[in-house]
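Data block below; observations after.
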Amino acid sequence: MDSEFNSRAYEHLFQSLPDLGQEAPPLGPQPLSWEHDTATSICLVAILSLTAAANLIFFMPRAVSAREGLNGTAGTALNGATAASGLMKGRVDTLALTGLRGFAALHVAVGHYASASPLHVDLIGGASMSFFYLLSGFVMTLGYAKDLLADDSSNFRDFNKKRFWRNRFARLFPMYMLTNVAIFLVMHYLGDNAMEGMSSGKFDMNLVFTILGLNMWIYPLDAWLPQTQQIELPSNLVTWTVQTMAVFYLIFPSMLPWLKAVRRRKLTVHLLFWLQATTFMAIVCLGLFGIDNFNWAYWTARAWPLSRVPVFAMGCLAAVERLHGGGNFTPFCCRGDAQAGDYGRRATILGFSYILLLALAVGINQVPLTDRYWMSVREAMVRSSWEAFVPLLFIDLILALTHCGDSGILARACRSKPMEWMGEIAMSFYMIHFGLLMTVLMGTKIGYAEVPWWLLFSCFAGALLAGWLLTRFVEDPSRKCLRG
């Protein structure tokens with residue numbers, strides 16, 4: 001099990017291990033061989049294939065009639081269509097979600113910076129990644145599909161796929177390419193020792209995969225590739241999320257008939273939740289205990305595009321439920337007849353509950369252990385479990401914040417001007433924060449986890465400034481230009 005600690009990608013980004021006086025093995029996890037590891041390889045392929053099938057089967061295009069009405073054959077085939085006439089009128093208030101997106105981006109960034117600090121502590125920023133997937137599905141459904149879901153005579157073939165995909169491209173591609181090219185050039189000319197094991201500053205296939213956005217799509221192949229041929233993260237490491245979320249945008253138009261047809265939305269959301277949690281933990285446990293390669297298992301479970309579709313679908317269904325006036329998916333949130341103040345208090349409770357869960361996870365990982373094997377198992381399972389099982393909490397938090405207006409401590413914090421501003425620059429800030437830190441480390445030759453506090457705070461302030469500048473002068477203008 002010590003082999004996973006030789007992976008600098010995982011250790012640098014996430015681990016917070018003290019020096020136990022044990023030497024790491026000279027080589028990382030050994031690749032599987034079809035000749036010598038036939039049974040294990042077949043098992044891996046089977047699990048990945050089943051995961052992909054389970055993620056996509058409900059959302060594949062179906063042969064339907066031109067008019068997907070309330071009583072249409074497609075609705076009957078999928079347990080009957082949702083009563084579109086029950087959809088609420090007017091706009092869903094999502095202002096607080098903008099601020100919440102800012103909080104999530106700050107959590108991820110502070111987590112990366114804390115792991116580079118003298119404390120070298122893992123704040124499990126990855127647990128907030130599922131929020132971005134859920135929010136993407138929620139907001140996208142409200143923005144692009146509300147009218148189609150509300151109209152009984154909707155023709156889903158009228159959905160303008162080209163316009164939708166052009167808007168998604170305009171939203172993400174300019175910043176994705178700009179930050180990846182910039183950080184690649186920094187690595188190429190300053191030397192990529194600080195990024196060793198994570199990404200490369202060489203003109204190689206990893207650069208091609210980054211430009212094409214394919215790193216995370218083919219990442220599972222690393223289980224069989226030797227160390228010298230491993231598929232690495234994109235040049236700008238954190239933009240793996242863009243590659244993962246690309247599949248959401250590709251399949252969203254095909255999901256619309258399914259979204260309208262699902263009658264038992266709460267049950268379906270729970271089934272999707274357990275589907276993603278089960279497949280996530282199955283891949284993690286197989287990598288951790290089966291092939292001695294947690295790094296592969298963790299990144300495959302969290303970043304392989306075909307493994308995260310259920311989380312996005314949960315967000316889409318939550319939006320449909322909200323359009324019908326729904327306010328909860330679990331007993332931890334208010335019932336549909338609750339008042340704004342009730343939702344505000346419940347949103348605050350859910351928000352603080354998430355913080356307490358994170359504090360619990362960080363505390364568990366800080367309990368000293370002398371055995372490195374069990375330390376690795378503990379940290380792997382804590383990080384993976386928190387990432388796999390928080391989406392349901394986020395669902396109710398999103399719904400509560402769209403019902404409560406400015407009632408409640410969390411709602412007022414999310415709707416404040418500073419957090420609204422943070423939410424607006426969240427994407428650019430997220431895409432630049434880690435690259436800026438690594439650029440400084442490569443330029444100063446300071447080792448990761450040896451960064452003085454003054455430099456960390458300076459880099460963080462610089463990332464906020466860069467995020468604002470990039471949003472105002474690159475992201476917004478390029479998006480308007482590409483959208484025409």
Side-chain angles (χ1 to χ4, degrees), residues 7 9-10 13 31-32 41 44-61 126 129-130 132-133 136-137 140 161 164-165 168-169 171-177 179-181 183-184 197-200 202 204-227 229-255 275-276 279-280 282-284 286-287 291 293-313 387 430-431:
S7 171
Y10 180 73
L13 282 172
L32 297 176
S41 296
L44 277 186
V45 171
I47 289 179
L48 293 173
S49 299
L50 289 172
T51 298
N55 276 255
L56 294 177
I57 192 170
F58 301 108
F59 318 123
M60 297 301 290
M129 295 313 303
S130 60
F132 293 111
Y133 303 158
S136 180
M140 201 178 299
K161 296 180 182 180
F164 169 75
W165 285 328
R168 293 296 90 199
F169 180 87
R171 167 71 172 165
L172 297 173
F173 184 77
M175 282 298 301
Y176 173 86
M177 286 303 301
T179 57
N180 272 288
V181 169
I183 293 174
F184 172 82
M198 295 184 283
S199 192
S200 169
K202 302 175 182 177
D204 54 14
M205 285 304 298
N206 193 65
L207 177 61
V208 176
F209 293 148
T210 297
I211 294 173
L212 297 177
L214 294 177
N215 304 69
M216 307 321 300
W217 288 79
I218 58 179
Y219 185 85
L221 295 177
D222 271 359
W224 293 273
L225 297 177
Q227 290 294 313
Q229 300 176 19
Q230 292 279 294
I231 298 165
E232 299 172 321
L233 300 184
S235 300
N236 181 13
L237 306 179
V238 297
T239 56
W240 65 265
T241 54
V242 177
Q243 298 187 10
T244 300
M245 295 174 70
V247 71
F248 305 159
Y249 310 140
L250 291 175
I251 69 174
F252 179 72
S254 300
M255 290 177 61
L275 171 63
Q276 65 85 29
T279 54
F280 193 109
I283 294 173
V284 165
L286 180 62
I291 63 174
N293 192 344
F294 172 71
N295 192 59
W296 171 86
Y298 178 67
W299 282 99
T300 299
R302 77 187 305 236
W304 186 40
L306 298 182
S307 70
R308 304 311 287 154
V309 174
V311 184
F312 173 74
E387 197 158 340
Y430 169 79
M431 287 196 183

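With rounding to the nearest 0.5 Å, the separation of CD in Gln227 from CG in Asp222 is 8.5 Å. Atoms CZ and OH, on Phe164 and Tyr249 in that order, are 7.5 Å from each other to the nearest 0.5 Å. A distance of 9.5 Å separates CG of Leu48 from CG of Leu306, quoted to the nearest 0.5 Å. Note that OH of Tyr219 and CD of Gln243 are 12.5 Å apart. Values are rounded to the nearest 0.5 Å.
Trp304 does not carry Arg302 over the face of its six-membered ring by the limits of under 6.0 Å from the centre and within 45° of the normal.
With contacts defined as side-chain heavy-atom distances shorter than 4.5 Å, the pair Val242/Met431 qualifies. Asn293 has its side chain out of reach of Leu32: every pair of non-hydrogen atoms, C-beta onward, lies at least 4.5 Å apart. Within the 4.5 Å cutoff, side-chain heavy atoms of Leu233 are placed close to those of Met216. A 4.5 Å side-chain heavy-atom check between Trp224 and Val45 finds at least one atom pair inside the cut-off. Between Leu44 and Trp296 the shortest side-chain heavy-atom distance falls below 4.5 Å. Side-chain contact between Phe312 and Met255: present, with at least one pair of heavy atoms (C-beta onward) separated by less than 4.5 Å. Considering only heavy atoms from C-beta on, Met140 stays 4.5 Å or farther from Phe248 through its side chain.
Contacts of Thr210 classified as side chain to side chain contact (heavy atoms under 4.5 Å, CB included), with partners at least two apart in sequence or in another chain: Tyr176, Asn180, Asn206, Asn215, Pro234, Ser235. Annotation: side chain to side chain contact (heavy atoms under 4.5 Å, CB included) contacts of Thr241 (sequence neighbours excluded): Met129, Tyr430. For Thr279, the side chain to side chain contact (heavy atoms under 4.5 Å, CB included) partners are Thr51, Leu275, not counting sequence neighbours.
Closest of all the heavy-atom pairs between Trp165 and Leu250 is CZ2-O, 3.6 Å. Nearest heavy-atom pair, Phe132 versus Met245, reported as atom, atom and distance to 0.1 Å: O-CE, 4.1 Å. Listed here is the closest heavy atom pair of Pro226 and Pro31: CA-CG, 3.9 Å. Taking both residues in full, the closest heavy atoms of Ser307 and Ala301 are given as OG-O, 3.0 Å, listed atom of the first, atom of the second, then distance.
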Step-by-step side chain to side chain contact (heavy atoms under 4.5 Å, CB included) determination, Trp240 to Trp299:
CA-CA 10 Å; Trp240 65 265; Trp299 282 99; 3.6 Å; yes
Derivation of the side chain to side chain contact (heavy atoms under 4.5 Å, CB included) call for Arg308 and Phe280
CA-CA 9 Å; Arg308 304 311 287 154; Phe280 193 109; 3.4 Å; yes
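Checking side-chain atoms of Gln230 against main-chain N and O of Leu225 turns up a donor-acceptor pair under 3.5 Å.
No option in Ile231, Ile47, Thr300, Ile283 other than Thr300 meets the side-chain contact (heavy atoms from CB on, under 4.5 Å) test with Pro220.
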